[in-house]
S.K.: 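Below is one structure. I have some questions about it.
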Amino acid sequence: MLAIERLTMIYETKRGRVKAVNKVDLSLGKGEILGLVGESGCGKSATLLTILGLVSYPGKVTGGRIIFRGEDLLQKTPAALRKIRGKEIAMIFQDPMTTLNPVFKVGDQIRESLQIHGLLNEQAEGGRFKGRKRKESEMDRVYQLMREVGIPSPEKRYFEYPFQFSGGMQQRAIIAIALACSAQLLLADEPTTALDVTIQAQILELLAKINRERETAMILVTHNLAMAAEFCQRIAVMYAGEIVEQGSTDEVLEKPQHPYTQGLLRSIPRIGKVKQKLEPIPGTVPDLAALDGTCPFYPRCAQARPACLEDERSLEDVGGGHWVKCALYS
Amino acid sequence: MFPIGLEPDGGAQGEEVRAQSEEPRAKSAGQKAFPLCATSNTTRTKEVRILRTAKIIQRILATVPIVLGVVILVFVFMRFIPGDPVDLMMGQAGNVSRQEVADLRAQFNLDAPIYVQLYDYLGKAVQGNLGESYMEKRPVIDLIGQALPATLELSLMAILFALIVAIPIGVYSAVKQNSVLDRASMGISFLGVSMPGFWLGILLMLIFSVKLGIAPTQGRIAYGTGLVKVTGFYVLDSTLTGNWVALRSSLAHLILPAITLGSPTAAVVARVVRSSMLEVMRQDYIVLARAKGLREFWVVVRHGLRNALIPTVTVLGTEVGALLGGNMIVETVFGWPGLGRLAVTAIFNRDYPLVQGVVMFYALVFVMANLGVDILYTYLNPKISL
Ligand SMILES: Nc1ncnc2c1ncn2[C@@H]1O[C@H](COP(=O)(O)OP(=O)(O)OP(=O)(O)O)[C@@H](O)[C@H]1O
Ligand SMILES: [Mg+2]
């Protein structure tokens, strides 16, 4: 359903060209949940924004393909892309507190999604915004969506502003916006990072329910491996703008192949191993503006070897749909 | 097994408890829930409206001490300026006897101690009697009644001009940051902020009146248009009475002073709109609006500008004061028969009652305009109520 090939996106900054997304390969089947994990600043959000075509100045896509249902999104006109955005691919954001527009009623913001894609009246509007007069039948659809994502008494809360919602409720409203046009692909950018632990679980449960009932495919961005383990069928590990390992959840977590994934797993506690020593990965994340084409993990890698300094690395299949980008396996 | 970082067994706590306790009610009410809630909703908005009206009335009452303070200050300060009205009149009249001077002072009640004068003045003012102009020998309230619509018409037109010019420029400059147009308009707006009002007025007059001859230089309307005065707002009156000749003439007279008066405001507003748009367009909700598939035009106008207007309105509030001050200069340059020109002549003539009356109305207009801005602000920003 979604296949990303060698996607590259850079930010042109004063410090240089920040390679936020570097030759990324990803694939996703219908109804599948893919976990995209990696440290802060490794380009997870950038990848999602690139898929939706929402990269704005100073970012620019310099190569690759994004094949969504057989068509390359990078070749589409802005108007054609707009018809896909929100309708077929929807996005959920990291910080619900800043994602809803503070000056509009929450219900109207959900309703706007329906309206943009012409789901309120017969003819499609193609991204035009028409009037604010609310019809009862239109509001019923919004109430229904709000109920579906677990916002209580939608008849009342339709008319409230985002600041009157708690963080969890705001995230539910954002999910309602994403659900409005029954998108088949949901890009969830750390949907629970900004929330309390208990609310996190509820939001995850809601996403799981949506995946079950609507067969919505999802890319779940997180830096929480446990959450990815719980929730995703497959996991892709990202480091410094590159996908370094990709495979089924069990494979990646039980038999990590890339030294970075191994280090990542050693640096967090695991159930079962009682007296386990936690080992942080030595060194720091490289500056994305100063990459030279060699393995970005090389300076921190315990298994580094001369072959790591070769320019071209590709994802190699190590068996069973488990892919690794590392000189150890090529 | 797998690493732990989060244990998703926190279960029904906090928010979910609320959610669950509220949900059954809505569900059991089923389809009927909607009409029930709809009525409670309208009563709620009615309550909000009553509350809002009460608060507006409260705010209006709170302006009374401000206006009173301004009037007292002006009353006292005017009498500190050397030379009182009688001196000025006598200077013009030539040789007059001491007795005549004393009589005149007594007639104007200028021989009494200042607090007695103030007490008398306020006592009459409360009853709506602002006294009689020394020079014009007409009730002050009549003179103000004639001048106020002229000033309001000019000021409103100036604000309208400022907004119509400045908002699109500010938005465009922000969206196309660092483009040629952005740099050019910000440069011009810098000039607009720093250029003295009379200088721009004279410049415009030179170009459009003297060189091109397409706009008159003085007054509000040409002679002989046969305008019937209804409200005192000439543009409105001529439209109401269908007098298109008068409408054309009054608009032609209005345009240059309105541009002169509105330009500094336009410059300020353009800069504020630009900087707040730059800020707003970086926000997450803009990305969400785009992710919804909304056209960029509507993303900018509906989601962007709507938020950027909040700081803009705040600045507009402070601009009202500048605009009223600018009135005095612009009205004098363009011979516009408004409050500003009335105030200037009254001050030169030491026409105490007229100065006091005009200043009182200046204060009133200022306070009301700021109240209007505050009300507008609450409509724009749902987090703030009066
Ligand atoms: N507008 C921008 N201009 C320049 N560089 C940017 C811009 N936005 C992001 N970057 C850089 O791109 C890189 C990837 O950022 P991204 O937001 O995708 O990280 P992330 O993996 O989502 O991190 P986090 O977990 O903190 O959300 C970072 O190094 C960041 O500094
Ligand atoms: Mg991110």
Side-chain angles (χ1 to χ4, degrees), chain A residues 49 52 54 82-87 90-91 93-95 98-104 112-113 116-117 126-129 136 140 143 147 150-156 159 161 163 166 168-169 174 177 196-202 204-205 224-227 229-230 253 265 268-272, chain B residues 1-16 18-27 29 31 33-38 40-41 44-45 177 281-299 301-304 306-307 309-310 380-383:
Chain A
L49 289 176
L52 264 190
L54 289 180
R82 266 204 313 269
K83 291 217 172 74
I84 291 174
R85 258 183 233 146
K87 181 144 189 249
M91 188 157 171
F93 296 83
Q94 193 162 344
D95 187 358
T98 59
T99 302
L100 290 171
N101 193 322
V103 301
F104 296 122
E112 189 189 36
S113 263
I116 289 168
H117 295 289
R128 197 135 52 88
F129 178 80
E136 241 168 63
D140 274 342
Y143 296 153
R147 256 179 233 118
I151 297 175
S153 39
E155 295 86 354
K156 192 170 122 254
F159 299 96
Y161 289 94
F163 77 93
S166 67
M169 281 297 150
I174 294 163
I177 289 172
D196 295 348
V197 178
T198 50
I199 314 288
Q200 285 185 3
Q202 292 162 20
L204 275 186
E205 180 44 47
N224 186 333
L225 271 173
M227 185 192 289
E230 192 77 31
L253 295 180
L265 286 169
I268 48 179
R270 304 183 106 197
I271 301 170
Chain B
M1 255 231 358
F2 297 131
I4 35 163
L6 160 108
E7 288 175 273
D9 62 354
Q13 269 184 33
E15 197 167 23
E16 196 63 33
R18 247 192 294 151
Q20 279 168 351
S21 62
E22 279 179 60
E23 204 143 38
R25 228 191 306 152
K27 261 190 190 143
Q31 281 307 90
F34 171 54
L36 277 178
C37 284
S40 78
N41 210 351
R44 220 169 41 141
T45 49
Q177 196 191 352
M281 292 305 285
R282 270 203 298 273
Q283 300 297 313
D284 288 345
Y285 52 79
I286 296 298
V287 184
L288 174 67
R290 291 193 182 117
K292 281 173 161 180
L294 193 63
R295 244 174 228 280
E296 189 61 18
F297 177 82
W298 290 111
V299 172
V301 171
R302 193 175 134 75
H303 289 265
R306 179 62 178 66
N307 278 283
L309 282 182
I310 295 173
L380 286 176
N381 189 349
K383 278 189 220 176

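Naming: A, B, ... by sequence-line order, numbering from 1 per chain.
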S.K.: So how far is it from B:L288 CG to A:I174 CD1, rounded to the nearest 0.5 Å?
M.R.: 6.5 Å
S.K.: side-chain hydrogen bond (donor to acceptor under 3.5 Å, both in side chains) with A:N101: which residues, sequence neighbours excluded?
M.R.: B:H303, B:N307
S.K.: Heavy-atom pairs under 4.5 Å with chain A - which of B:Q283, B:K383, B:Q177 has more of them than the others?
M.R.: B:K383
S.K.: Looking only at heavy atoms, what is the nearest atom pair of B:P382 and A:P102, with distance?
M.R.: CG-O, 3.3 Å
S.K.: Looking only at non-hydrogen atoms, find the nearest pair between B:R295 and A:R82 and report the distance.
M.R.: NH1-NH2, 3.4 Å
S.K.: Would you mind checking which part of B:L380 comes under 4.5 Å of any heavy atom in chain A, side chain (CB onward), backbone (N, CA, C, O), both or neither?
M.R.: backbone
S.K.: Using heavy-atom distances under 4.5 Å, tell me whether A:L49 contacts chain B through its side chain, its backbone, both, or neither.
M.R.: side chain
S.K.: Rounded to the nearest 0.5 Å, how far apart are OG1 of A:T98 and OH of B:Y285?
M.R.: 9.5 Å
S.K.: Which heavy atom in A:H117 sits nearest to a heavy atom in B:K292, and how many Å separate them?
M.R.: NE2-O, 2.7 Å
S.K.: How far apart are the closest heavy atoms of B:R306 and A:F104, and which atoms are they?
M.R.: CG-CZ, 3.7 Å
